[in-house]
Asks: 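Right, I'll just put the structure down here and ask away after.
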Amino acid sequence: MSNSNPPPGTSDVFPEEIPLWHRLEDSAREVFPLYGYGEMRTPEFEYTEVFERGLGNETEVVQKEMYTFKDRGGRSLTLRPEGTAGIVRALSGTDVMNGIEKRVYYLGPMFRGERPAAGRRRQFHQVGVENAGRIAPEIDAECIAMLLHYLEKIGITGSTLLLNTRGTLEDRPPAENALREYFGKDIETMCDDCKDRLNRNVWRILDCKQEQCQKVIEAAPDVVSLFSPETQKFFAEVCEILNRLGIKYEIAPRLVRGLDYYVHTVFEVTHPGLGAQNALAGGGRYELYLPGSKKPVIGVGFAAGLERLLMAQEALELAPPENLIPPVFLVGLGGNARRLNMKLAGDIRRAGIPAMAEVEDKSMKAQLRAANRINANFVLIRGDEEIDKGIVVAKDMNAGTQEELPESEVIKWMLPKIIKKC
RNA sequence: GUGGUUGUAGCUCAGUUGGUUAGAGCGCCUGGUUGUGGCCCAGGAGGUCGGGGGUUCAAAUCCCCUCAAUCACCCCA
């Protein structure tokens, strides 16, 4: 019903779906450390300037998608719309500025005030990595390899890796001029957004999807050829290393990406069957400026959207993870039996087996139905008769058989059957 | 932020040109078995028809507004 809805663009994740999330999170915690990356946690909000300066004032994210508010001290704070700026803000206090490499990954919610659509939420979740402090084509290539390793780990196949270079800050002006000159001639035929972008951010015109703009964009100058020889060499090396690693990619000359901090290598992984928002993950090399600092933090990283990874897994019909240990249900007939069962349930749990004991005065039939509903493999039944005899009835739900056991034997009875299952 | 589509039971959905007490399947509860689940049978609970206003003798149905979901634009993970 409508009144149980959370705010637009946010979702509740119920326990039934949590294993799917754990699979993504556990896999990240498994794969990234293999490359020397450690988990890092930064605040979910930052000073607004961290994002304004870090992502670029002209970006759409900063201009119209941030959740910004003033705290009681009058500080302007913003719910993080992405992960890199906060991580880099924290790392800037370390010796990354002296060329010492830091390898970190993070996991958590991000916030963007957009209109929700398929694969787009206002609170969404990312897993990302940052390699900060050093620059080398090898690092970029390994970062991409690590992303693909992660996707492989979580069973996502059939994705496409798109690759491009944004050049350095010094490379941009000549290329920008060429683009501005070229698009300037036909700007009247292009969409309103592009008209605006011509002066504000010409690069964004390159990935405009409007049909009338596409015709003009197709014949646009090849900006990469205008970049410096060093920049072109850097990109060629990244490609060459990827070739050697056996990683397939597509060069996407119009891949620009929406954050201003990118330089050199940029990449995106797309997947069919995600709808209009088809990017599973994206990233690249960056030079990120923090407020009050003249020197940028350099690094390379990526972020993947957990909701989109889930969508891809669903499109691939990946089987959900299974519970390894089947639960036990304790049927109790009468208050005395139920209290004894609570004690026994505690012992069973301490043996590592999930146990649920009935707490209400319900019929045998109702209690067994409940056991069936939670897919209990074993049921322990106790009533006055059993209490008098000093035993419990242990029932194997799959076999349909049952036997009488002293309470102290119950765990010993179950364990071998459980181990056999796993 | 702009547009399209959709809102009826916990879930998936019927509901005729406006017509009397709003239905089905699944799920849930109880019984058929004095203390034995799944299958079957019988019964039962559960609905401000998203919300508000309007038209009408009469609105789930028509009109307006609003909220929400969803998809697309846009943006990006």
Side-chain angles (χ1 to χ4, degrees), chain A residues 1-11 14 16 24 55 59-66 80-84 107-128 147 191-194 196-197 201 204 207-211 213 255-259 266-271 274-283 301-312 329 331-334 337 360 362-386 393-402:
Chain A
M1 291 273 48
S2 61
N3 61 3
S4 70
N5 282 331
T10 65
S11 334
F14 282 85
E16 297 74 39
L24 298 182
L55 314 194
T59 59
E60 329 266 337
V61 170
V62 169
Q63 290 217 327
K64 43 191 194 193
E65 296 175 2
M66 297 206 302
R80 62 181 183 192
E82 57 96 63
T84 303
L107 221 40
M110 307 293 164
F111 308 86
R112 257 123 97 157
E114 305 175 273
R115 188 80 165 263
R120 195 173 68 192
R121 321 252 64 210
R122 289 183 175 175
Q123 175 177 334
F124 60 103
H125 300 79
Q126 289 188 329
V127 51
L147 168 57
C191 73
D192 289 346
D193 281 329
C194 284
D196 181 47
R197 290 194 268 237
N201 193 348
R204 305 282 310 144
D207 58 12
C208 182
K209 287 166 203 107
Q210 298 294 318
E211 209 178 315
C213 302
L255 178 65
V256 172
R257 306 198 51 73
L259 277 10
V266 290
F267 55 92
E268 203 166 282
V269 174
T270 63
H271 197 273
L274 284 203
Q277 273 68 235
N278 67 347
L280 276 180
F302 65 77
L306 297 190
E307 285 83 354
R308 292 188 189 177
L309 296 175
L310 255 16
M311 287 169 75
F329 190 93
V331 169
L333 301 162
E360 268 187 284
K362 289 196 179 164
S363 70
M364 174 80 121
K365 186 187 180 113
Q367 295 194 41
L368 279 168
R369 257 202 295 264
N372 205 54
R373 191 162 39 239
I374 65 165
N375 272 315
N377 274 226
F378 307 107
V379 169
L380 302 174
I381 301 166
R382 171 147 54 188
D384 291 339
E385 282 177 37
E386 286 75 16
V393 172
K395 176 167 173 135
D396 182 322
M397 292 292 270
N398 298 322
T401 57
Q402 63 186 49

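The sequence lines fix the lettering, A, B, ..., with proteins before strands; numbering per chain opens at 1. Remember, it's a predicted structure, so these values are computed and weren't measured experimentally.
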Asks: Look at all strands and tell whether A/Gly283 reaches a base, only sugar-phosphate, or nothing, counting heavy atoms closer than 4.0 Å.
Replies: nothing

Asks: Would you say a side-chain N or O of A/Arg373 is under 4.0 Å from OP1 or OP2 of B/C29?
Replies: yes

Asks: Looking only at side chains, do A/Asn377 and A/Asp396 share a donor and an acceptor under 3.5 Å apart?
Replies: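 Judged by distance alone, the side chains do not pair up.
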
Asks: Mind checking A/Leu280 for me? I need base, sugar-phosphate or nothing, with any heavy atom below 4.0 Å counting as a touch.
Replies: sugar-phosphate

Asks: What does A/Glu386 touch in the nucleic acid at a heavy-atom separation under 4.0 angstrom: a base, only the sugar-phosphate, or nothing?
Replies: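 If one applies the 4.0 Å heavy-atom cut-off, A/Glu386 turns out to touch a base.
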
Asks: Roughly how far apart, to the nearest Å, are B/G50 and B/A9 at atom C1'?
Replies: 14 Å

Asks: For A/Glu114, which contact category applies under a 4.0 Å heavy-atom criterion: base, sugar-phosphate, or nothing?
Replies: base

Asks: Taking the same atom, P, in B/C64 and in B/A22, what whole-Å distance lies between them?
Replies: 27 Å

Asks: Taking C-beta and beyond as the side chain, do A/Cys194 and A/Gln210 meet within less than 4.5 Å on heavy atoms?
Replies: no

Asks: Give me the distance, rounded to whole Å, that separates B/U48 from B/U30 when you measure between the C1' atoms they each carry.
Replies: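 About 28 Å, rounded to a whole number of Å.
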
Asks: For A/Glu268, answer base if it contacts any base atom (sugar-phosphate contacts may also be present), sugar-phosphate if it contacts only those atoms, and nothing otherwise; contact means non-hydrogen atoms under 4.0 Å.
Replies: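 It contacts nothing in the nucleic acid.
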
Asks: If you look at every strand shown and take non-hydrogen atoms under 4.0 Å, does A/Ala118 touch a base, only sugar-phosphate, or nothing?
Replies: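 Since only primed, P, OP1 and OP2 atoms lie under 4.0 Å of A/Ala118, the category is sugar-phosphate.
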
Asks: Which part of the nucleic acid, if any, lies within reach of A/Gly275 when heavy atoms closer than 4.0 Å are counted: base, sugar-phosphate only, or nothing?
Replies: sugar-phosphate

Asks: Looking at A/Arg369, I'd like to know whether one of its side-chain N or O atoms comes within less than 4.0 Å of OP1 or OP2 on B/C39.
Replies: no

Asks: Quick one: which of B/U2, B/C74, B/G35 gets closest to the side chain of A/Lys64?
Replies: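 Output: B/C74.
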
Asks: Only stems of 3 or more consecutive Watson-Crick or G-U pairs count here, both distances under 3.5 Å; name the ones for RNA chain B, or none.
Replies: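 Only these stems qualify: B:1-7 with B:67-73, B:10-13 with B:23-26, B:28-32 with B:40-44, B:50-54 with B:62-66.
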
Asks: So, is A/Gln210 close to the B/C74 phosphate, meaning a side-chain N or O under 4.0 Å from OP1 or OP2?
Replies: yes

Asks: Looking at A/Glu114 and A/Arg120, is any side-chain nitrogen of the basic one under 4.0 Å from a carboxylate oxygen of the acidic one?
Replies: yes

Asks: Does A/Asn372 make a side-chain donor-acceptor contact with the base of B/G37, cut-off 3.5 Å?
Replies: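 Such a pair exists between side chain and base.
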
